[in-house]
Amino acid sequence: MGLMRKEILMRQKSSREQELKDRLSVLSKRGVKPPQADKDPLVRKLKALLKDSTRRLARIAEIDQRTQEMAKTKAERAAAPKKEEDIAKAPKAKAAPQEGKAKKPKAPEGGKPSKKTESPAGGKAPAPKKAEKPKEEPATS
């Protein structure tokens, strides 16, 4: 997630914390005690929104950390000298797929190669055409 998203979430979280403090102070002025204030619908909603914001910020931090680790690993791999085995294997790896493309099915020994009859209709044999009979017109007198 982008940096802007993180900043937006931080601002939302701080504003929701402030709203929660304001609501709790209003309830305390009315004489509502803290266990009873936790049951207030607005307080519950604000706490839920704070929890969501905190969870989202934690996920962003986790993604940032993983991205940094991946960049570090990638840099280490690029900086490491290549082993002789890796250099020797590279040309062989390219030659193997090319050989696989040129293979053709072998004919059975001692006989004719088996031929598969395929029609252009996608594996179905063409239906024989029906002979059309000329229609006879009734004889008129």
Give the table of side-chain donor-acceptor pairs shorter than 3.5 Å for residues 66-79, with sequence neighbours excluded, one pair per line with atom names and distance.
residue, atom, partner, partner atom, Å
Thr67, OG1, Ile63, O, 2.8
Thr73, OG1, Glu69, O, 2.9

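Leu27 and Leu49 are members of different hydrophobic clusters when ILVMFWY side chains are connected at heavy-atom separations under 4.5 Å. Cluster membership for Ile60 and Met10, using ILVMFWY side-chain heavy atoms within less than 4.5 angstrom, is shared.
Residues that satisfy the side-chain contact (heavy atoms from CB on, under 4.5 Å) test with Leu24, not counting sequence neighbours, are Leu20, Ala37, Val43. Residues forming a side-chain contact (heavy atoms from CB on, under 4.5 Å) with Glu62 (at least two apart in sequence, or on another chain): Arg59.
Clustering of Ile, Leu, Val, Met, Phe, Trp and Tyr by side-chain heavy atoms under 4.5 Å joins Met4 with none of the others. Clustering of Ile, Leu, Val, Met, Phe, Trp and Tyr side chains at separations under 4.5 Å leaves Leu42 isolated, with no partner residue.
For residues 19-47, the set of pairs meeting the salt bridge (Lys or Arg N to Asp or Glu O under 4.0 Å) definition, not counting sequence neighbours, comprises Arg23-Asp40, Asp38-Lys47.
Across all non-hydrogen atoms, the minimal contact from Leu57 to Lys6 is CD2-O, 3.9 Å. For the pair Arg56 and Leu9, the tightest heavy-atom approach, listed with the atom from each and the gap, is CB-CD1, 3.7 Å.
Once rounded to the nearest 0.5 Å, the distance linking OG of Ser15 with CD of Gln12 reads 6.5 Å.
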